[in-house]
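This one's a predicted model, so the numbers in the text were calculated from it and none came from an experiment.
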Amino acid sequence: PHTEWVSKGKTGVPVEFGVKLAVVQDQYQFILHHHIMQNQQDVHIAQDLVLAVQEKYGKIDSISLDRGFWSPENEEAIGNHVRKVVMPKKGYKSQERTTIESDKEFTKLRHQHSAVESGINSVQEHGLKKVPDKGIESYKCYIAFGIVGYNTHLLGAIALARYYQNLSKQVA
């Protein structure tokens, strides 16, 4: 009963069934925060999401968000809390907006945003593509466990990389 029609606006699959999930990753791709959006859209949670992360982790230097989060109000409000907001505008872009979005720092941070999409895909591939549990509370627990699993997997990959790096130094 908690499942919704989710329209991502992509070709081939007009709608999917599910519940939207917003994740916040740090520069090392660890998931720091998540928000399950029941009957909510990205644009409605942007400010609260940023404030929740800032309250938990302190000052945020820069943040990159999808087009779905964009609104003039969101961009201004988030800009009051974060030094550099990377939030591409939906639809037609004026000359002024094109200049903003072609800024070197904006472009660099926007390109790093693809790591977030990769992280979301990784979470899906590591068990969250289909949630076998029934009910919204079980869904929320399953998502939280999946994120802990993802972060643990990432931490293990970093530890292994360091181990092999140190091993190769010892051999050389």
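Between the side chains of Gln25 and Tyr150, at least one donor N or O sits under 3.5 Å from an acceptor N or O.
For Gln40, the side-chain hydrogen bond (donor to acceptor under 3.5 Å, both in side chains) partners two or more places apart in sequence, or in a different chain, are His35. With sequence neighbours excluded, the residues forming a side-chain hydrogen bond (donor to acceptor under 3.5 Å, both in side chains) with Glu101 are Arg97, listed by chain and number. Shown here are the side-chain hydrogen bond (donor to acceptor under 3.5 Å, both in side chains) partners of Asn166, two or more places apart in sequence or in another chain: there are none. Taking Arg67 as the reference, nothing meets the side-chain hydrogen bond (donor to acceptor under 3.5 Å, both in side chains) condition, with sequence neighbours excluded.
In this structure, Leu160 CG and Arg162 CZ are separated by 12.0 Å, a value rounded to the nearest 0.5 Å. Rounded to the nearest 0.5 angstrom, Ile147 CD1 and Tyr142 OH are separated by 12.5 Å.
Residues Ile63 and Phe106 do not share a hydrophobic cluster, clusters being chains of Ile/Leu/Val/Met/Phe/Trp/Tyr side chains in contact below 4.5 Å. Cluster annotation: Ile136 and Ile143 are assigned to the same hydrophobic cluster (Ile/Leu/Val/Met/Phe/Trp/Tyr, side-chain heavy-atom contacts under 4.5 Å, transitive). One hydrophobic cluster holds both Val82 and Val24 under the rule that ILVMFWY side chains link at heavy-atom gaps under 4.5 Å. In the hydrophobic clustering of this structure, Leu65 does not group with Ile36; members are Ile, Leu, Val, Met, Phe, Trp, Tyr whose side-chain heavy atoms approach within less than 4.5 Å, directly or through other members. Cluster membership check: Val23 does not share its hydrophobic cluster with Phe145, using side-chain heavy-atom separations under 4.5 Å among Ile, Leu, Val, Met, Phe, Trp and Tyr.
With a 4.5 Å cut-off on side-chain heavy atoms, Ser64 and Gln112 do not count as touching. Side-chain atoms of Met37 and Asp42, non-hydrogen and from C-beta on, do get closer than 4.5 Å to each other. Taking the side chain as every heavy atom from C-beta outward, Ile100 and Lys93 never approach each other to under 4.5 Å. Annotation: side chain of Glu75 is not in contact with side chain of Phe69 (no heavy-atom distance under 4.5 Å). Contact of the Lys108 side chain with the Lys84 side chain is not registered, since no non-hydrogen atoms from C-beta on lie closer than 4.5 Å.
Within the structure, salt bridge (charged side-chain N to carboxylate O under 4.0 Å, His left out) pairs that include any residue of residues 23-36 do not occur (at least two apart or interchain).
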Report all side-chain donor-acceptor pairs from residues 43-58 shorter than 3.5 Å, counting only partners two or more places apart or in another chain.
| residue | atom | partner | partner atom | Å |
| --- | --- | --- | --- | --- |
| Gln47 | NE2 | Asn74 | OD1 | 2.8 |
| Gln54 | NE2 | His81 | O | 3.1 |
| Tyr57 | OH | Leu32 | O | 3.0 |

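One N or O on the side chain of Glu4 and one on the backbone of Asn39 form a donor-acceptor pair closer than 3.5 Å. Side-chain N or O atoms of Asp61 include none that pairs as donor or acceptor with a backbone N or O of Arg83 at under 3.5 Å.
Atom CD of Glu96 has 12 or fewer heavy atoms from other residues, nucleotides or ligands within 6.0 Å.
Listed here is the closest heavy atom pair of Val6 and Val19: CG2-N, 4.5 Å. For Ser71 against Met87, the heavy-atom pair with the smallest separation is N-SD, 4.3 Å. Of all non-hydrogen atoms in Arg110 and Pro88, the two that sit nearest each other are NE-CG, 3.4 Å.
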